[in-house]
Amino acid sequence: MRAEDGPQAPESPAALGASALRKEEGKAAEDSYRLGLTYDSGGRLEIPTHLLFPAALPRPSPGPRMNLERVSNEEKLNLCRKYYLGGFALLPFLWLVNVLWFFREAFLAPAYEEQGQIKGYVWRSALGLVFWLVALTSWITIFQINRARWGALGDYLSFTIPLGIP
Amino acid sequence: MATAGGGGGAASGGRRTCLLLCFVSLLAGLCQANSVERKIYIPLNRTAPCVRLLNATHQIGCQSSISGDTGVIHVVEEEEDLQWVLTDGPNPPYMVLLEGKLFNRKLMDKLKGTQRISGLAVAVAKPSPVDGFSPSVECPNDGFGIYSDSYGSEYAHCKKLRWNPEGNGLAYEDFDFPIFLLEDENETQIIKQCYWDHNRGVNGSAPAYPLCAMQLFSHMHAVTSTVTCMRRSAIQSTFSINPEVVCDPLADFNVWNTLNPLNASGKLEPGDKVIIAATRLDSRSFFWNVAPGAESAVGSFITQLAVAEALQKAPDVAALPRNVMFVFFQGETFDYIGSSRMVYDMEKGKFPVQLENIHSFVELGQVALKNSSDLWMHTDPMSQRDESIYTEVQNLLAILKNSSNGVPNVTMKEANSQNSLPPSSFQRFLRSQNISGVVLTDHPLAFYNRYYQSIYDTAENIGLKYPPTLTPDQAMDFVTDIAKSLASVATVLGRALYQLAGGTNHTAVEADPVTVSRLLYGFLVKANNSWFQSVIRQDLKVFLGDGPLQHYIAVSSPINTTYVVQYVLANLTGTVVNLTREQCQDPKKAQDANKDLYEYAWVQGPEDPSGTGRLPQCVRSTARLAKAVSPAFELQQWGSSEYSTWTESRWKDIRARIFLVASKELEFVTLIVGLSILFVSLIVTYFINAKADILFTTPREPGAVSY
Amino acid sequence: MTAAVFFGCTFIAFGPALALYVFTIASDPLRIIFLIAGAFFWLVSLLLSSLIWFVAVTLSSTKDESVQKGLLIFGVLCSVIIQEVFRFAYYRLLKKANKGLMTISQEETSPISIRQLAYVSGLGFGIMSGVFSLVNILSDSLGPGIVGIHGDPPQFFLASAFMTLVMVLLHVFWGVVFFDACETKNWWALIVVIVSHLLVSGLTFLNPYYKASLVASYVIMLLMGIWAFFTAGGSCRNLKRCLLCRDKDFLLSNQRAR
């Protein structure tokens, strides 16, 4: 494999990066075009084989955008805000991701200009997350305890009704 | 797969070779069960489970957990043996193998109160329990007859008379463990042998492992009540991706015919009067689809079939001013499903006969006439408070008494007129309209039947015995004492109906004892006989088994009994007409056929005298089916207290098997050995790997080159 | 609670294989590939022998007990020979693959020696045959029952697990000896491998006398193990050195994989 892909890959980056060009917009797309990196629609990173063998490439490869270390502070703030706002669309998992992802940036990283705002977003995301956690946990508990007692209501609220138990 | 058997025996333990692997890969699909499973389990093939039924408010029956309930077998032959199960035995939970004679209320209450049993297998008692056994209730169909707290409250809830004093109510009880009936004595013996071999300690001490155990699967999907299960079925079938119906209404078909044909798709004029002769078709027992019902159902509907035949043969039938309708109600055991539906249809005008067309009503209850020749006429005290009804009823009684003159074996007697009606379909008609009517039974007060709705209500219960030397065909035509009695009852009833219909020469009506004999043989001894074969449609002949028919109302389409009764009735009352197969199956193609008046059936016919097959023929009769689905389901009133609401739960898997179980210690030892081998090999491999360079000297030259 | 039997038997049969895999195979992707390829070759041999078996059974559709027994013995014979043929085929394939590997390798030597290949492929054969012979039994060991209601000895699961363990290890040893025999054109060693394979397979006909078949199989395994140890470059001197920890380079050599 190495013998085949190694020398070939740098010479035909267009083939590797073509799909990326179609999917991503702007600078990021150009970036990945240059690197031969592609993101599929789910945001999952696909690394072309030649990246596995850095020796075959003329220069060291910088990390992808998902790595916060390589993103400008502005962009960090932008991302954090997007995730925070997205969470309001009844998507508490975005808040969970936001908290986990930016926790280091917000509280542990050395101070920088946008850190205050990021801190705020992370805090609020965490609050929202806790709210959701509490709400969901209590609802699930109440529902599981009372489903049988509620009778018809319990059945209408159930997606799958268990067989053979009240 | 005989090969699998041979292979399993020879290479059982190691199965090192590929050989059995070949089985796995290629033959597994062809084998019924793999050979390892056959070495472990003995399936019990002839069992009947107790299943869950539900009504508007309750669930009854039994249920296992979803993966089956397992327990160490303990055989209880005497009541003292239960001590071991309930307190002494060291290996709970136990699976109790109970002798049939001990299956009673007292013992079941004890078992219900303990966590130490996981299930029950009941062996059939032979002979039937001498003290009687009825798992039904003391007051059958209470609350759905005519008497209630607001109407005839002095008769309601069997206050005056408990009709079924033997009833212990077990069949209407909810059990949270599985209960199976062992129908085959050989299988019972196998289980007992396993118990004797493995589960008997020396001198009453705890037995040593491995122990013999049984596993019963009867997981029921429905729960709580019909309201709940029907609602869940409805929700699931509308919303769910994977619709799962959890219960089905008990439903079947009534069988009915008329003496003179009437337009089945039209309606009778209000002036046309009809005399209804009714009886019930179904019975039940504690166990699913075991419902021999010899005395509680078969005796009476056989008699009515004989009546229908006798009356059809009577002279001047076509000239009678009033018609006679014979109805065989299905599902009466479960709060009058069939009769309540017929009354409902009559009220809604969906049946050719309306309630106001009914002249009078004669119902046959249990009429085995075992103890004496007295046939008791029960009447309803409430409706007779109406003067005109009273007169009509007295007239009816007089005609019945008059009809019995000169008939041997039967004496008509009036039951106490201050007693209520026994549980009967007639009550459903009285609920809607005051009609003169009478219920004929062989008991003046409580049932004489001591096995009402139990597995023991069989041919023996009504004293049906044949000399042992007879061939099946001889036995079928052998006139037994019970056949004579039932034929006499049929004659009396036939003559009474003839008079009620306006006939005069009633002594010409005479029921045929041979017909009764054949019916008794067919319904109670062997359904797969030459006569039943000849009267039934070809596609239905699979319904005729080698044993007696079971009369439990099912949840879908006509059951065996319904079909057989319909075709027997058609054969007894109909005529063979000269139509081709196509014309018979689609009478529109025949010019002289009248689909509105008659029902045409293409039956197998008698055997060809040359013995090469059958001579199929077309039978024209008025025997029809009418839906017997409780109106509660038509109206979607699942919590109805007016109509029957019985449903049967669905299930996926019902089976039973026996096997040996290992002690917890042995299992634990296996686990420990496995874990130690794992850890030892982890450690050893780690060190060998670490010292591989020392252990294994590679050739001097790094010479894999030469390789 | 019968899950205990399931896990117990699984660990007995596959514990050593798991340990070998974790410490010697998992660290090297190349070895994983060769392991799986070995397992695949064993599967193909299984497919072939089951085809032969299927044809044989279909042709002789009798229920005669002795004919069935004869068929079974014939099946065992065929299956063992086909397995060994496939082992040889795999050896040929690996030789070719090794040459290819050597050409692309930057170093002078192949990234994996033929001796290692022998071990890896043997383990692949062993694991797959073990899985196939035990998986059905394991699935039944979960159920509530144990063997014995027809009077068979109740140690069926345990004996099967130990037998599988023998087979897994034997396949490893056979692999090592077989490949070495091919390398050195030592044909009598090849014959010994095939005969011992036949012998162990034949021993299972002694069942349900588990003691006899198990003890004999373990003796054969021990002998094969010793032989494989010496074939792989082991010696009593090495063993002594190793046990007494005399080697000063121990920590150093530890760094390199075998």
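Every chain is numbered from 1, with letters handed out A, B, ... down the list of sequences. Since we're looking at a predicted model, the values are computed, not measured.
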Roughly how far, to the nearest 0.5 Å, is the [atom2] atom of [Y] from the [atom1] atom of [X]?
X        : Y        : atom1 : atom2 : value
B:Phe696 : C:Leu239 : CZ    : CG    : 9.0 Å
C:Ile12  : B:Ser676 : CD1   : OG    : 8.0 Å
C:Ser139 : B:Glu37  : OG    : CD    : 8.0 Å
B:Lys664 : C:Thr2   : NZ    : OG1   : 7.5 Å
B:Lys691 : C:Asn238 : NZ    : CG    : 12.0 Å

inquiry  = With a 4.5 angstrom heavy-atom cut-off, is it the side chain or the backbone of B:Ala213 that approaches chain C, or both, or neither?
reply    = neither
message = Does B:Ile42 form a side chain to side chain contact (heavy atoms under 4.5 Å, CB included) with C:His150? I'd like the steps, not just the answer.
response = CA-CA 9 Å; B:Ile42 298 181; C:His150 297 294; 3.7 Å; yes
task = In sequence, state the C-alpha distance, the side-chain angles, and the governing distance for C:Phe23 and B:Ile688, and then conclude on side chain to side chain contact (heavy atoms under 4.5 Å, CB included).
result = CA-CA 10 Å; C:Phe23 289 118; B:Ile688 290 182; over 6 Å; no
Could you look at [X] and say if it's the side chain, the backbone, both or neither that has a heavy atom under 4.5 Å from chain B?
X        : result
C:Phe230 : neither
C:Leu20  : both
C:Tyr209 : neither
C:Ser235 : backbone

inquiry  = Looking at C:Phe7, I'd like to know if its CZ atom is crowded, meaning that more than 12 non-hydrogen atoms belonging to other residues, nucleotides or ligands lie closer than 6.0 Å.
reply    = no
inquiry  = Taking atom CD as the centre, does B:Glu185 end up with more than 12 heavy-atom neighbours from other residues, nucleotides or ligands that are less than 6.0 angstrom away?
reply    = no
ask   = Do you know which of B:Val680, B:Ile658, B:Val684, B:Ile677 has the most heavy-atom pairs with chain C at a distance under 4.5 angstrom?
value = B:Ile677
ask   = Any idea which of B:Asp197, B:Leu666, B:Leu660 has the most non-hydrogen atom pairs under 4.5 angstrom with chain C?
value = B:Leu660
ask   = Is a side-chain N or O of C:Asp140 found less than 3.5 angstrom from the main chain of B:Val36, in a donor-acceptor match?
value = no
request  = Check whether any side-chain N or O of B:His198 sits under 3.5 Å from a backbone N or O of C:Ile149 as a donor-acceptor pair, and report yes or no.
outcome  = no
inquiry  = Quick check on the interface: out of C:Pro16, C:Pro144, C:Gly15, C:Ala13, who has the most heavy-atom pairs with chain B under 4.5 Å?
reply    = C:Pro144
request  = Start with the C-alpha gap between B:Leu675 and C:Phe11, add the side-chain angles, then the distance that decides, and say whether side chain to side chain contact (heavy atoms under 4.5 Å, CB included) holds.
outcome  = CA-CA 6 Å; B:Leu675 284 174; C:Phe11 289 148; 3.4 Å; yes
request  = Take B:Tyr209 and C:Ile146 through the side chain to side chain contact (heavy atoms under 4.5 Å, CB included) test and state the conclusion after the steps.
outcome  = CA-CA 11 Å; B:Tyr209 278 98; C:Ile146 59 162; over 6 Å; no
